[in-house]
Amino acid sequence: MTKSPYLDGQLLIAMPGMSDPRFERSVIYMCAHSEQGAMGIIINKTTPMMSFGDLLSQLDITADDNKAPPEELMAMPVLFGGPVEQGRGFVLHTSDYFTADSSLPVAENIALTATVDILRAMAKGEGPHRAVLALGYAGWAPGQLENEIQHNGWLTCQADEELVFGVDFEDRYLAALRKLKIDPAMLSSESGHA
């Protein structure tokens with residue numbers, strides 16, 4: 001089987017020389033990548049002072065039977081998913097929750113849903129087993145991401161469920177580098193050629 005040239009379901013890890021401060025020390029879960037461009041969710045940067053509970057309040061979503069969602073869920077931070085469409089919410093989640101008309105399968109066990117229905121399901125305790133919620137996404141025009149990778153902007157590695165959902169947000173950058181067996185102190189912002 002030939003390995004796909006596309007990065008769906010993989011992680012992008014910003015190199016130290018990343019010149020765009022929005023992406024500095026970012027770990028991005030790639031949701032879609034094709035010749036038409038690329039789209040991913042930054043999974044290690046939180047939106048200041050915004051939790052899942054705050055979002056439910058803003059959208060006037062309540063759990064059934066006046067039963068409050070678990071405190072842990074209500075306190076879950078909302079991530080800064082990227083600079084594109086920052087007013088739009090995206091839920092990256094395990095594929096145990098899936099709706100045919102609104103969930104995008106990304107990898108074997110991970111999907112992306114961008115409808116308010118998943119927030120309602122989560123509030124009722126009927127959502128996915130594991131999830132991260134983000135506002136906005138990172139997007140690239142055709143060929144743009146490939147060019148950035150070629151010019152030493154990003155490292156890539158296989159994603160795994162634990163890194164995407166289990167590791168604390170602030171630890172995901174170093175955890176992703178460790179997955180590649182890279183010491184951050186050894187990274188250079190300069191690209192080298194043999």
Quiz prompt | Any residue meeting ring pair (Phe, Tyr, Trp, His ring centres under 6.0 Å) with F80, in chain and number order, not counting sequence neighbours | solution = none
Quiz item: Do V91 and M74 belong together in a cluster built from hydrophobic side chains that touch within less than 4.5 Å?
Solution: yes
Quiz item: Are L79 and L135 close enough, and set up right, to give a side-chain contact (heavy atoms from CB on, under 4.5 Å), and what steps lead you there?
Solution: CA-CA 6 Å; L79 300 180; L135 292 177; over 6 Å; no
Exercise. Would you please name every residue forming a side chain to side chain donor-acceptor pair (under 3.5 Å) with R178, sequence neighbours left out?
Key: none
Quiz item: With sequence neighbours left out, what residues match S26 under side chain to side chain donor-acceptor pair (under 3.5 Å)?
Solution: none
Quiz item: If you round to the nearest 0.5 Å, how far is NZ of K179 from CG of L11?
Solution: 7.5 Å
Quiz item: Which heavy atom in A121 sits nearest to a heavy atom in Y97, and how many Å separate them?
Solution: CB-CE1, 3.7 Å
Quiz item: Does any non-hydrogen side-chain atom of V132 lie less than 4.5 Å from one of F90?
Solution: no
Practice problem: Output every pair passing side chain to side chain donor-acceptor pair (under 3.5 Å) with a member in residues 132-142, not counting sequence neighbours, ordered by first then second residue. | Solution: W140-E148
Exercise. Find the distance between CG (L174) and CD1 (I182) and round it off to the nearest 0.5 Å.
Key: 11.5 Å
Exercise. Taking the side chain as every heavy atom from C-beta outward, state whether I28 and I43 have any atom pair closer than 4.5 Å.
Key: no
Quiz item: For S103, which of D117, T115, T113 qualifies under side-chain hydrogen bond (donor to acceptor under 3.5 Å, both in side chains)?
Solution: T113
Quiz item: What pairs of residues pass the salt bridge (Lys or Arg N to Asp or Glu O under 4.0 Å) test when at least one of them lies in residues 72-100, not counting sequence neighbours?
Solution: E85-R88
Quiz item: Between L92 and F98, is there a shared hydrophobic cluster once you connect ILVMFWY residues whose side-chain heavy atoms come closer than 4.5 Å?
Solution: no
Exercise. Please assess L12 against L7 for the test side-chain contact (heavy atoms from CB on, under 4.5 Å), listing each intermediate value before the final yes or no.
Key: CA-CA 9 Å; L12 287 184; L7 301 172; 4.0 Å; yes
Quiz item: Could you give the distance from NZ (K45) to CZ (R25), rounded to the nearest 0.5 Å?
Solution: 9.0 Å
Self-check item: Listed once per pair and sorted, the side chain to side chain donor-acceptor pair (under 3.5 Å) pairs that draw on residues 48-60, sequence neighbours left out
Solution: S51-D54
Quiz item: Which heavy-atom pair separates I42 from G82 by the least distance, and what is that distance?
Solution: CD1-CA, 3.9 Å
Practice problem: Report yes if the side chains of I41 and M30 come closer than 4.5 Å at any heavy-atom pair, otherwise no. | Solution: no
Practice problem: Taking salt bridge (charged side-chain N to carboxylate O under 4.0 Å, His left out) as the test, write out the residues that go with E24, two or more places apart. | Solution: none
Quiz prompt | Non-neighbouring partners of S102 that pass side chain to side chain donor-acceptor pair (under 3.5 Å), sequence neighbours left out | solution = T99
Show me the donor-acceptor pairs, under 3.5 Å and distance only, between side chains in residues 161-171 and residues at least two apart or in other chains.
residue : atom : partner : partner atom : Å
E161    : OE1  : N109    : ND2          : 3.0
E161    : OE2  : R130    : NH1          : 3.3
E162    : OE1  : R130    : NH1          : 3.3
E162    : OE1  : R130    : NH2          : 3.0

Quiz prompt | Trace of the side-chain contact (heavy atoms from CB on, under 4.5 Å) decision for S95 with I110 | solution = CA-CA 5 Å; S95 56; I110 298 178; over 6 Å; no
Quiz item: Which pair of heavy atoms, one from F23 and one from A14, lies closest together, and at what distance?
Solution: O-CB, 3.2 Å
Practice problem: Would you name the heavy atoms of A159 and G9 that are closest together and state the gap between them? | Solution: CB-O, 3.3 Å
Quiz item: Tell me the ring pair (Phe, Tyr, Trp, His ring centres under 6.0 Å) pairs involving residues 25-48, sequence neighbours left out?
Solution: Y6-H33
Quiz item: Who pairs with L73 by side chain to side chain contact (heavy atoms under 4.5 Å, CB included), at least two apart in sequence or on another chain?
Solution: F52, P69, P70, M76, M122
Quiz item: So, do T46 and V78 sit near enough that their side-chain heavy atoms are less than 4.5 Å apart?
Solution: no
Exercise. Start with the C-alpha gap between I13 and Y173, add the side-chain angles, then the distance that decides, and say whether side-chain contact (heavy atoms from CB on, under 4.5 Å) holds.
Key: CA-CA 7 Å; I13 307 161; Y173 183 76; 3.6 Å; yes
Quiz item: Excluding sequence neighbours, so at least two apart, what forms side chain to side chain contact (heavy atoms under 4.5 Å, CB included) with S34?
Solution: Q36
Quiz prompt | CG-CD distance between L155 and Q10, expressed to the nearest 0.5 angstrom | solution = 12.0 Å
Quiz item: Going from CG on L180 to OG1 on T156, what distance comes out if it is rounded to the nearest 0.5 angstrom?
Solution: 7.5 Å
